[in-house]
Chemist: 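I'd like to ask you about the structure that follows.
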Amino acid sequence: MTRQALPFLENLNTPILHCLYSAVASLSQTRQAHAYIMKTGLLADTHLSTRLISRYANHHSFVEADLVLRSISDPSISSFSTLIYALNKSNLFTQSLNVFSRMLSHGVLLDTHVLPNVVKACGKLSALKFGREIHCIVCKYGFDSDSVVQASLVHLYLKSDRLRDARNVFERLPEGDVVTYGALLSAYARKGCVNEVKEIFSGMQNYGLEPNVVSWNGMITGFNQSGNYVEAVVMFQEMHSKGFQPDHITISSVLSAVGDIERFNIGIQVLCYVIKLGLLHCKFVISALIDMFGKCACAGDLMKAFEETNEELMDVGARNALLTALSRNGLLDVAMEVFERFRVRGRELNVVSWTSMIAGCSQNGKDIEALELFREMQSAGVKPNSVTIPCLLPACGNIAALVHGKAAHGFALRTGIIADVHVGSALVDMYAKCGRIHLSRLCFDRIPNKNSVCWNAIMGGYAMHGKANEAIDIFHLMQQKGHKPDFISFSCVLSACSQGGLTEQGWRFFNSMYEDYGIEAKMEHYSCMVNLLGRSGKLEEAYTMIKQMPFEPHACVWGALLSSCRLHNNIRLGKIAARNLFELEPNNPGNYILLSNIYASKAMWDEVDAVRDVMRSRGMKKNPGCSWIEIKNQVHMLLAGDKSNPQMTEIIENLHKLSLEMKKAGYLPNTNLVLQDVDEQDKEQILCGHSEKLAVALGLLNTPPGSPLQIIKNLRICGDCHAVIKFISGFEGREIYVRDTNRFHHFKDGVCSCGDFW
DNA sequence: CTAGGGTTAG
C-alpha cells in the first residue's frame with residue numbers, strides 16, 4: 001500500500017463520501033459530498049476528485065463536473081480523462097476537445113485511454129487539423145506502438161476522407177482488429193477501389209482474422225454505393241458460398257445492386273433466400289425488394305402485388321420505392337394515382353416521396369406538373385433538400401419557367417445547398433435553357449468543386465446559344481483544371497462547332513477524340529458531325545460519313561442529314577435520308593413533313609401530294625407546333641391554330657397590326673416556308689398562326705413595354721417567324737429569347753444571336 | 001470505456 005492511498009482509505013470511512021463510490025448516487029448526494037470535500041480540503045485527493053467528476057457526469061451535470069476539475073490546483077490525468085470520456089459518451093465532442101486542450105496546457109502526461117477518445121471527437125467534428133496535431137503528439141510521446149490509439153487515427157482519417165493517410169497509419173499498426181479492417185474495407189469499397197478491397201480483405205484473412213457480417217456488409221454496401229454493382233453481387237455470392245449468413249442489411253444492399261444490373265433471376269433467388277431467412281418482414285428488405293422489381297422492369301407485377309398487400313405493412317421507404325418503380329417504368333400516371341391515394345389516406349410521405357414524384361414528372365415531359373408538385377410539397381410543410389432542387393430545375397429549364405427557376409436558385413442560396421455540385425450544374429443547365437447564358441456562367445464560376453458534369457453543362461449551354469468559341473474555350477479550360485473530357489464533352493463541343501459552322505475545327509475534335517483521348521465515337525457524335533457537315537452545305541461529305549460509320553446509323557443520324565437537305569433543298573440525298581427514316585421510325589410525322597417541304601420548295605406538288613397521301617393512309621398527323629411562355633409566374637401553352645386562348649382576338653389583332661407595320665418597313669412574308677400548295681393569301685394566314693408568333697403576341701399584350709420575352713418552341717423555328725420576331729424585337733424595343741429544338745435565338749434591336757444561321 | 005454497417009429521390 002502506497003502512502004498516497006492512505007487518505008483514500010480514510011475517506012472511504014466517511015459516510016458522507018460513501019456515495020461517491022456507488023453508481024446509484026443521486027445528484028443531491030453528490031452535491032453534499034462535493035460541499036464536504038470543499039469544506040475539508042480533500043479536493044487534492046486524486047481519487048476523490050475524480051470520483052466526484054464521474055458522479056456529476058453520470059447525471060449529465062457537466063458544468064458542475066467541470067467546476068470540480070477547474071478547482072483542483074494540480075489535476076491528474078484521470079480527472080481530465082474521466083470528464084473527456086463522459087463528454088464523448090454524451091456526444092459533446094466540442095466540449096471534450098476543449099477539456100483536452102486545457103489538459104495539454106496544464107502539461108499533464110497523456111495515456112492510451114484518453115487519446116482514442118479525443119481522436120474520436122476530432123473525427124465526429126471533422127476537425128482534421130486538430131486531429132493531425134494530436135497525431136503529432138502521439139508520435140512525439142511514443143504511442144505509435146499502441147494499437148488502440150493507432151486504430152482511432154485510422155478511423156479519423158477514414159472519416160475525413162483521407163484514405164491515403166488512413167492506410168499509412170494502418171500499415172504500421174502492430175495489431176489489426178476486425179473493426180479497423182472493416183472500416184478500411186468499407187471506405188475503399190465506397191470509393192470503388194476494387195483492387196485495394198481485395199488486397200486488404202485477403203491480408204485480413206492471411207492475418208488470421210475471420211470477417212464478420214459487418215465486414216461483409218461494409219464491402220457489399222460500399223460497392224453498391226460506388227456503383228460497382230457486379231462486385232457487390234459477387235461479394236454476396238462469395239459470402240454465401242463461404243457459409244456466412246447475411247442479415248437484413250446485406251440483403252437490402254445486394255438487392256439494390258441486383259436491380260441496377262437488372263439480373264432478375266438473381267433477384268428471385270435472393271427473394272427465396274429472404275423467405276428462408278425469415279427476413280420478409282423487415283421494412284428495409286421490403287423496400288429493397290420493391291426497388292429491385294422496379295429496376296428489373298417488373299412494375300406491372302408490383303402493382304398487382306401492391307393491390308393485394310396490406311398497406312399497413314409498407315413504411316415510407318417502401319412507398320417511395322413503389323412510386324419510383326412505377327414512374328421508372330413509364331407508369332407515371334399510376335404513380336400519381338398511388339401518390340394521391342397515400343396522401344388522401346394520410347400515409348406518411350417524406351421529402352424523398354415528393355422528390356421522386358417531381359423527378360418522375362420532369363423526366364416524363366410533365367414539367368408543369370413538376371412545378372405544381374413542388375409548390376404543393378412546400379404547402380404540405382415538407383422542406384426541399386439538395387436532391388429536390390436538381391430534380392425540379394430540369395422542369396424549369398424544359399419550359400423556360402425562369403421565375404420558378406430563380407425561386408429555386410434563391411432557395412438554394414438561403415439553405416446553403418448551393419455548394420452542392422448537383423445543384424450547381426442543374427442551375428447552369430436551367431439558366432442556359434432559359435436563355436440566360438450569362439447567369440449560367442455566373443453559377444458555373446461559383447461552383448466550389450466542379451466535376452465533369454459542371455463543365456459539360458456550361459459547354460452545352462454555350463453550344464445551345466451558338467457561342468462556339470466560348471464552348472471551345474471551356475473545353476480547353478476544363479483540361480487545364482485537370483478534368484478529362486468524356487464522351488458528353490465531345491458531344492457538346494461538336495454541337496457548338498456545328499452551331500457556329502466551324503467545320504474544320506469540328507473535324508479536328510472528332511478525330512482527336514479517339515486519337516488523343518481514346519474515346520470511341522458514339523451515335524450522338526456521328527449525328528453531330530452529319531449535322532455539322534450538312535448544315536454547312538457539305539451534304540455529300542455528310543452522306544459519305546454515314547456510309548462509313550462502323551455501326552448501323554440510328555434515326556438521329558439520318559434525321560440530321562434530312563434536316564440539312566431541307567435547309568439546302570437537296571432532293572437526291574433528302575430522298576435517301578427519308579427512305580431510311582421511314583424504315584427506322586415509320587410513324588414519325590416529322591420526317592414526312594420534312595421530305596414534303598423539300599419537294600414543296602421546288603414546287604414538286606405531285607410528290608408533295610404523294611407524301612401527304614402516305615401520311616393520311618397511315619393515320620399520321622403533323623405534330624402540332626407548340627410554344628410556351630411564362631408570364632407573371634404562370635406558364636402558358638399555345639398550339640398552332642388553336643383558338644382556345646381567351647385573348648385570341650386581341651392576339652390576332654395585334655399580329656395584324658404588326659404585320660402592317662412590317663409591310664410599311666418593306667417586309668414581305670416568306671411564303672416559301674409554308675408547306676402546302678395553297679394560294680398566297682391563305683399562306684399568309686397560316687404563317688400568322690404559328691405558335692411562336694402567338695406566344696410573342698400574348699407576351700406583348702401582358703407584360704410592361706420594354707420587358708424581355710421568353711419563348712420555348714417544340715419544333716425548329718421557321719424562317720418567317722424568325723424574320724417577324726427580329727422585326728418585333730426592334731420595333732417594340734424588346735429582347736426576345738426563343739428556344740427551339742435546336743438552339744437559342746436571342747433577338748435584340750432587330751437582329752438575332754444566331755446570325756441567321758441555324 | 002469493447003467499437004463499425006443499410007433501403008427509397010439526382
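For clarity, every value in this text was computed on a predicted model and none was experimentally measured. All chains are named by letter (A, B, ...) in the order of the sequence lines, taking the proteins before the strands, and each is independently numbered beginning at 1.
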Chemist: Which is true for A/G182 with a 4.0 Å heavy-atom rule: it touches a base, it touches only sugar-phosphate, or it touches nothing?
Modeler: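 It contacts base atoms.
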Chemist: Between A/E372 and A/K366, is there a side-chain N and carboxylate O pair less than 4.0 Å apart?
Modeler: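 No.
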Chemist: Looking at A/D315 and A/R347, does any basic side-chain N land under 4.0 Å from a carboxylate oxygen?
Modeler: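 Between A/R347 and A/D315 there is no salt bridge, as every charged N stays at least 4.0 Å from the carboxylate O atoms.
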Chemist: Students often get this wrong, so: under 4.0 angstrom with heavy atoms, is A/N88 touching a base, only sugar-phosphate, or nothing?
Modeler: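 No contact.
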Chemist: What orientation do A/F244 and A/W216 show, parallel under 30°, tilted 30 to 60°, or perpendicular over 60°?
Modeler: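 It falls in the tilted class, 30° to 60°.
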Chemist: Considering only side-chain heavy atoms of A/Q363, which listed nucleotide, B/dA3, B/dG10, B/dA9, is closest?
Modeler: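 So the side chain of A/Q363 is nearest to B/dG10.
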Chemist: One thing to verify: whether A/R167 and A/E199 come together as a salt bridge, which I'm taking to mean a side-chain N less than 4.0 angstrom from a carboxylate O.
Modeler: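 Salt bridge flag = yes for A/R167 with A/E199.
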Chemist: Which of these nucleotides, B/dA9, B/dG10, B/dG4, is closest to any side-chain atom of A/S386?
Modeler: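 Closest of the options to the side chain of A/S386: B/dG10.
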Chemist: Heavy atoms from C-beta onward define the side chain here; which of B/dT7, B/dA3, B/dA9 lies closest to that of A/V179?
Modeler: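 When the side chain of A/V179 is considered, B/dA3 is the closest of B/dT7, B/dA3, B/dA9.
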Chemist: Mind listing the closest non-hydrogen atom pair of A/G176 and A/Y207 along with its distance?
Modeler: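 That closest heavy-atom pairing would be N-OH, 3.3 Å.
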Chemist: Any chance you could lay out the salt bridge (Lys or Arg N to Asp or Glu O under 4.0 Å) test for A/E376 and A/R343, step after step, and finish with the verdict?
Modeler: CA-CA 12 Å; A/E376 278 180 47; A/R343 286 184 71 188; 2.5 Å; yes
Chemist: Roughly, in whole Å, what's the span from CG in A/N456 to P in B/dG10?
Modeler: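 The distance from CG of A/N456 to P of B/dG10 comes to 19 Å, rounded to the nearest Å.
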Chemist: Measure from CZ on A/F293 to P on B/dT8 and round the result to the nearest Å.
Modeler: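 It is 16 Å, rounded to the nearest whole Å.
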Chemist: Do A/K295 and A/V258 touch side chain to side chain, with heavy atoms closer than 4.5 Å?
Modeler: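 No, too far: nothing below the 4.5 Å cut-off.
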Chemist: Write down the atom of A/A426, the atom of A/L393, and the distance for their closest heavy-atom approach.
Modeler: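 Looking at all heavy atoms of both residues, the shortest contact is CB-CD1, 3.6 Å.
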Chemist: Starting from C1' on B/dA9, measure out to CD1 on A/I358 and report it in whole angstrom.
Modeler: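 Whole-Å distance recorded here is 10 Å.
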Chemist: Side chain of A/Y85, heavy atoms from C-beta onward: which of B/dC1, B/dA3, B/dT8 has the nearest atom to it?
Modeler: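 The closest nucleotide is B/dC1.
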Chemist: Ion pair present between A/E337 and A/R341, side-chain N to carboxylate O less than 4.0 angstrom?
Modeler: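 Salt bridge flag = no for A/R341 with A/E337.
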Chemist: By nearest atom, which of the nucleotides B/dT7, B/dT8, B/dG10 is closest to the A/N224 side chain?
Modeler: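 Minimum distance to the A/N224 side chain belongs to B/dT7.
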Chemist: Take the protein atom NZ of A/K159 and the nucleotide atom C1' of B/dA3, then report the distance between them rounded to whole Å.
Modeler: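 Going from A/K159 (NZ) to B/dA3 (C1'), I get 10 Å.
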Chemist: Residues from residues 339-352 of chain A sitting under 4.0 Å of DNA chain B, heavy atoms only?
Modeler: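 The answer is A/V352.
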Chemist: Could you check which residues of residues 322-329 of chain A get a heavy atom under 4.0 Å from DNA chain B? Sort them by number, please.
Modeler: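 Output list: A/T324, A/R328.
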Chemist: Is the NZ or CZ atom of A/K120 both under 6.0 Å from the centre of the six-membered ring of A/F93 and within 45° of that ring's axis?
Modeler: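 Because its charged atom misses either the 6.0 Å distance or the 45° angle limit, A/K120 does not stack over A/F93.
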Chemist: Is there a donor N/O on one and an acceptor N/O on the other, under 3.5 Å, for the side chain of A/S287 and the base of B/dT8?
Modeler: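 Side chain to base: no pair below 3.5 Å.
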Chemist: Ignoring the backbone of A/K295, work out which of B/dT8, B/dA3, B/dC1 is nearest its side chain.
Modeler: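 Output: B/dT8.
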Chemist: Starting at NZ of A/K120 and ending at P of B/dA3, how long is that distance when rounded to a whole Å?
Modeler: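 That distance rounds to 10 Å.
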Chemist: Base, sugar-phosphate or nothing for A/N212? Non-hydrogen atoms, less than 4.0 Å.
Modeler: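 Counting heavy atoms under 4.0 Å across all strands, the contact made by A/N212 includes a base.
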Chemist: Taking atom P of B/dG10 as reference, at what distance in whole Å does atom CZ of A/F374 sit?
Modeler: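 Between P of B/dG10 and CZ of A/F374: 16 Å.
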Chemist: Show every side chain to side chain donor-acceptor pair (under 3.5 Å) that has at least one partner inside residues 390-399 of chain A, sequence neighbours left out.
Modeler: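 Residue pairs passing side chain to side chain donor-acceptor pair (under 3.5 Å), neighbours aside: A/D367-A/N398.
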Chemist: Could you check how far CD1 of A/I290 sits from P of B/dA9, rounded to whole Å?
Modeler: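 Checked: the CD1 to P distance equals 12 Å.
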Chemist: Give A/H113 one of three labels, base, sugar-phosphate or nothing, depending on what nucleic acid heavy atoms sit under 4.0 Å from its own.
Modeler: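 Since a base atom lies under 4.0 Å of A/H113, the category is base.
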Chemist: State whether A/R102 and A/D66 are salt-bridged, where the test is any N-O pair (Lys NZ or Arg NE/NH1/NH2 against Asp/Glu carboxylate O) under 4.0 Å.
Modeler: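 Yes, charged N to carboxylate O under 4.0 Å.
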Chemist: May I have the distance from A/M219 (atom CE) to B/dG4 (atom C1'), rounded to whole angstrom?
Modeler: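 In whole Å, B/dG4 C1' lies 13 Å from A/M219 CE.
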Chemist: Enumerate the residue pairs fulfilling ring pair (Phe, Tyr, Trp, His ring centres under 6.0 Å) with a member in residues 348-370 of chain A, sequence neighbours excluded, ordered by first and then second residue.
Modeler: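 Found A/F339-A/W354.
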Chemist: Could you check whether A/S356 gets within reach of a base, just the sugar-phosphate, or nothing at all, counting any heavy atom under 4.0 Å?
Modeler: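 Sugar-phosphate contact only.
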Chemist: Can you sort out which residues in residues 245-264 of chain A have a heavy atom within less than 4.0 Å of DNA chain B? Ascending by number, please.
Modeler: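 Close to the strand are A/D247, A/H248, A/I249, A/S252, A/S253, A/S256.
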Chemist: Classify the nucleic acid contact of A/V178 as base, sugar-phosphate or nothing, counting any heavy atom under 4.0 Å across all strands shown.
Modeler: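 Result for A/V178 = base.
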Chemist: Search all heavy atoms of A/S78 against all heavy atoms of A/T46 and return the closest pair with its distance.
Modeler: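 Scanning both residues, the minimum pair turns out to be OG-CG2, 3.7 Å.
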Chemist: Do any of residues 408-423 of chain A sit with a heavy atom less than 4.0 Å from DNA chain B, and if so which?
Modeler: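 The answer is A/D420, A/H422.
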Chemist: How about NZ on A/K242, more than 12 heavy atoms from neighbouring residues, nucleotides or ligands closer than 6.0 Å, or not?
Modeler: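 Correct, the count exceeds 12.
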